[in-house]
> 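For reference, the structure I am asking about is given below.
The chains referred to below are lettered A, B, ... by the order of the sequence lines, with proteins before strands, and numbering in each begins at 1. Values below: all heavy atoms of this structure, side chains included; hydrogens, waters and symmetry mates excluded.
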Amino acid sequence: MAINTINGEYPEIIRDAVENFHGNQLVIVDWENHRGLGGAPNMFPLPPDMPFKALIADVLPGVFGLHADWEKIDWATVEWTIDGEEVTPNLDASLKENGVGHKSFIWLKTPGLLGYKGTLN
Amino acid sequence: MSKSKTFIIFQDNADARPFIDAVEQDNPDISIDYQPGMVRFENEGELIIRRETVEEIIGREVDLQEIHVHLVSIGGNIEEDDDYIRLVWN
Amino acid sequence: MAVKKRLNMRKRYELLTRGLAWEPSYQPREKVFPYEDFEGIKITDWDKWEDPFRLTADSYWKYQAEKDKKLYAVMDSFAQNDGFLNVSDASYINALKIFIQGVSPLEYQAHRGFAHLARQFAGEGAQIACQMQSIDELRHIQTQIHTISNYNKYFTGMHDPFHMHDRVWYLSVPKSFMDDARTAGPFEFITSISFSFEYLLTNLLFVPFMSGAAHNGDMSTVTFGFSAQSDESRHMTLGLGIIKFLLEQHEDNVPIVQKWMDKHFWRSYRLLGIVSAMQDYMLTESPLSWKEGWKIYFEDNAGALFNDLSRYGIKMPKFHEVATAEADHLSHQVYSVFYAFSHAAGFQTTVPSAKKMDWLSEKYPDTFDKYYRPRWEMWAEMEKEGKRFFNGGLPLDCQVCQIPMVFTDVVNGNPMKPTHRVSEYKGDKYHTCSDGCRDIFENEPEKYVQALVPPQQIFQGNCGGETIPDVLNWYHFAADDGGEYHGSTDEKNWKKWHGEQSDSGSQEKA
């Protein structure tokens with residue numbers, strides 16, 4: 001539905017176009033069953049050609065690493081979804097090659113880890 | 001659903017007292033809830049404030065619009081006249 | 001009783017609000033009132049507008065002056081008697097910080113908005129009602145500044161609220177709400193502010209919260225709050241009046257008004273998520289829980305109201321049942337995210353005291369112990385280990401309400417599962433927190449794709465720099481404005497003042 005305007009066309013301003021992030025793209029990550037990180041997903045500006053494994057090794061620990069469950073993760077059993085699709089990422093390939101685009105939403109799922117005392121926190 | 005409730009809330013202070021007392025007198029069976037700093041009246045159906053009652057309590061002529069100084073909130077449609085203010089849902 | 005030789009109220013109102021205007025002769029009407037048609041609202045007869053309170057200008061000034069006189073007497077006595085020392089606890093003041101940073105600037109914007117309406121509406125009755133409201137809103141911001149400036153002498157976080165309002169991440173929630181309304185046409189603005197916000201929801205801001213201020217010994221705030229709320233009663237009747245007027249003017253207005261009610265109910269409700277956190281967590285003593293307030297002021301009152309409006313074909317706003325279901329969770333989720341990010345806030349947070357947690361268990365028997373108490377216990381343990389939890393990154397905010405996306409699928413019984421929604425517009429993804437916000441986005445994507453969402457702005461480099469200290473500096477936050485309450489300047493001062501008081505043998509204090 002077009003917006004009613006008093007004068008002419010409604011201007012189109014795409015405020016968060018990928019071009020505005022100095023070569024980065026926004027990547028959103030949430031850790032299932034761990035609301036105790038504050039409750040909201042985290043968002044990171046990352047280069048599209050960053051290897052997926054760097055996300056795990058360099059980016060997420062700074063945030064998710066504060067949770068006691070982080071050290072208990074069995075990375076062999078971890079499941080990922082990217083924009084709603086279950087995927088097995090190629091850890092050596094880039095975010096882009098793994099289908100992670102600007103403002104993609106990644107779920108990290110760690111079966112068996114149910115947060116603080118099993119309360120999903 | 002149950003019958004619609006009207007409500008009116010006054011600041012709980014001495015100047016508001018004649019209005020508070022008038023509501024209590026003119027609306028038998030009204031529910032009254034004192035909370036910090038305020039008094040909340042709630043009624044099934046309509047709620048009325050009569051000028052005459054307020055004047056008797058206060059001992060002088062009253063313009064019902066003085067209620068604006070003491071009011072905190074209301075629920076219901078307002079019917080305002082020189083002699084009364086009525087809150088009602090249609 | 002002597003018979004008054006004066007006109008009755010109806011006659012007086014009619015004389016003082018009608019026949020004041022004129023038909024333009026050398027300019028076409030649509031150039032004099034250019035905002036009246038473009039939203040699609042049809043007005044056939046402005047004279048049908050009637051202010052339910054029939055307040056005329058002379059009475060308006062008289063009563064407003066009286067309200068101010070009473071308020072300033074309380075404020076003076078509060079200041080003279082060091083009233084700030086008698087509030088329940090210094091942590092309570094954090095709620096006032098959010099108030100002056102988040103709410104007061106909205107009063108000013110409302111003042112501007114109603115001044116615009118007073119000029120642009122063609123009916124004289126409507127012009128007068130909007131003029132009065134515009135002046136009311138200016139009075140509100142002035143009295144709030146005057147009241148809270150006294151606290152600013154003693155506590156952190158209240159030194160630059162207007163600068164903060166325009167820049168800070170959590171203040172973009174109220175700011176974007178008001179900007180949304182103010183950039184709409186005049187009829188949508190009045191539906192948003194007067195009806196959806198003021199009529200439906202403002203009671204939840206000013207009644208339990210201000211009663212809470214009284215409960216916490218803050219007589220100064222309760223007085224400005226109730227003084228403002230006494231105007232609010234008039235604004236609420238205006239909100240209801242305008243809705244009925246629009247619905248009665250033309251049947252084509254009904255679907256437009258319904259759509260606006262749906263949108264602005266949800267926008268207002270999401271904004272009040274912040275109030276829920278203030279009420280349940282930031283008031284040291286809370287007389288009424290958010291959930292109890294919601295039952296009284298929304299469920300009961302809106303039920304009666306929409307029953308009344310159903311004869312026009314108007315339905316309860318969309319997703320009201322979601323809001324009601326969320327009442328058990330809202331304050332816990334919002335205060336959690338404040339806690340996690342308060343290192344970047346202009347107020348301090350802390351794990352609720354044991355007494356407060358027990359109160360929360362009592363008020364939220366179905367949810368607090370099961371979902372939220374463990375969260376606080378985990379964070380308390382971390383604090384004990386010297387690792388007070390702050391989230392190390394930036395959150396994803398909802399593209400519409402701009403609250404970090406903490407809301408969950410309570411409607412389907414999954415309160416630990418987020419309700420994340422995603423929409424596509426011209427090849428880009430947009431994330432929203434709920435079906436309510438997604439609907440709003442998808443109805444007007446052109447409007448929301450240009451939103452200044454704070455984390456994105458930080459990452460674009462528009463907020464003073466790349467590091468958190470750069471951004472906080474750009475916010476004009478001082479070093480001790482945010483973070484953990486325990487050990488804060490406010491707490492230290494509070495203890496010092498009360499220690500000194502007992503040492504100097506003050507007579508009044510226990």
> Return the option, out of Gly427(C), Cys433(C), Pro418(C), with the maximum number of heavy-atom pairs under 4.5 Å with chain A.
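Of Gly427(C), Cys433(C), Pro418(C), Pro418(C) has the most heavy-atom pairs under 4.5 Å with chain A.
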> Between the side chains of Glu444(C) and Tyr10(A), does any donor sit under 3.5 Å from an acceptor?
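Per modelled atom types, Glu444(C) and Tyr10(A) side chains form no pair under 3.5 Å.
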> Regarding Lys426(C) and Glu12(A), does a basic nitrogen lie under 4.0 Å from an acidic carboxylate oxygen?
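Result for this pair is yes, salt bridge flagged.
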> Quick check on the interface: out of Trp379(C), Phe390(C), Tyr339(C), who has the most heavy-atom pairs with chain A under 4.5 Å?
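Option with the greatest count: Trp379(C).
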> Kindly indicate whether the side chain of Met405(C), heavy atoms from C-beta on, has any atom under 4.5 Å from the side chain of Pro41(A).
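Counting from C-beta outward, Met405(C) and Pro41(A) do come under 4.5 Å.
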> Could you check whether any side-chain heavy atom of Ile6(A) comes within less than 4.5 Å of a side-chain heavy atom of Tyr35(C), counting everything from C-beta outward?
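Yes, their side chains come closer than 4.5 Å.
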> For Gly38(A), does its backbone N or O pair with a side-chain atom of Asn391(C) as donor and acceptor, under 3.5 Å?
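Side chain of Asn391(C) to backbone of Gly38(A): no pair is present.
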> Between Leu120(A) and chain C, which part of the residue has a heavy atom less than 4.5 Å away: side chain, backbone, both or neither?
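Both parts, heavy atoms under 4.5 Å.
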> Do the side chains of Ile14(A) and Tyr425(C) get nearer than 4.5 Å, heavy atoms only?
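Yes. Closest side-chain heavy atoms under 4.5 Å.
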> Where does the angle between the aromatic ring planes of Phe105(A) and His431(C) fall among parallel (under 30°), tilted (30 to 60°) and perpendicular (over 60°)?
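Plane angle between 30° and 60°, so tilted.
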> Any cation-pi pair here, Lys103(A) with Tyr430(C), using under 6.0 Å and within 45°?
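So Lys103(A) does make the cation-pi contact.
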> Decide yes or no for Met43(A) and Gln456(C): does some side-chain heavy atom of the first lie under 4.5 Å from some side-chain heavy atom of the second?
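They are in side-chain contact.
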> Do you know which two heavy atoms are closest between Phe389(C) and Leu37(A), and how far apart they sit?
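Closest pair (atom of Phe389(C), atom of Leu37(A), distance): CZ-O, 3.3 Å.
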> Who among Lys417(C), Gln333(C), Glu381(C) has the most heavy-atom pairs with chain A under 4.5 Å?
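Counting heavy-atom pairs under 4.5 Å, the top option is Glu381(C).
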> Is any side-chain heavy atom of Val449(C) closer than 4.5 Å to one of Arg15(A)?
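With C-beta onward as the side chain, the pair stays apart.
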> Counting heavy-atom pairs closer than 4.5 Å to chain A, which one of Glu39(C), Gln457(C), Lys447(C) comes out on top?
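Ranked by heavy-atom pairs under 4.5 Å with chain A, first place is Lys447(C).
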> For Ser331(C), which residues count as a side-chain hydrogen bond (donor to acceptor under 3.5 Å, both in side chains) partner, sequence neighbours excluded?
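Ser331(C) satisfies side-chain hydrogen bond (donor to acceptor under 3.5 Å, both in side chains) with Asp280(C) once adjacent residues are dropped.
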> Side chains of Asp16(A) and Gln460(C) only: does a donor on one sit below 3.5 Å from an acceptor on the other?
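Checked: Asp16(A)/Gln460(C) side chains pair up, N/O donor to acceptor below 3.5 Å.
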> Are there residues of residues 67-83 of chain A that reach to under 4.5 Å of chain C by heavy atoms, and which ones?
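Heavy-atom contacts from residues 67-83 of chain A to chain C are His67(A), Asp83(A).
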> Among the options Ala184(C), Gly185(C), Pro374(C), Pro34(C), pick out the one with the most heavy-atom pairs lying under 4.5 Å from chain A.
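Ranked by heavy-atom pairs under 4.5 Å with chain A, first place is Pro374(C).
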> With a 4.5 Å heavy-atom cut-off, do Asn33(A) and Met416(C) have their side chains touching?
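No, too far: nothing below the 4.5 Å cut-off.
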> Please look at Glu188(C) and chain A and tell me whether the side chain, the backbone, both or neither of the residue comes under 4.5 angstrom of a heavy atom of that chain.
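Glu188(C) has no heavy atom closer than 4.5 Å to chain A.
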> Quick one: of Asp37(C), Val422(C), Leu452(C), who has the most non-hydrogen atom pairs under 4.5 Å with chain A?
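So the answer, after comparing Asp37(C), Val422(C), Leu452(C), is Leu452(C).
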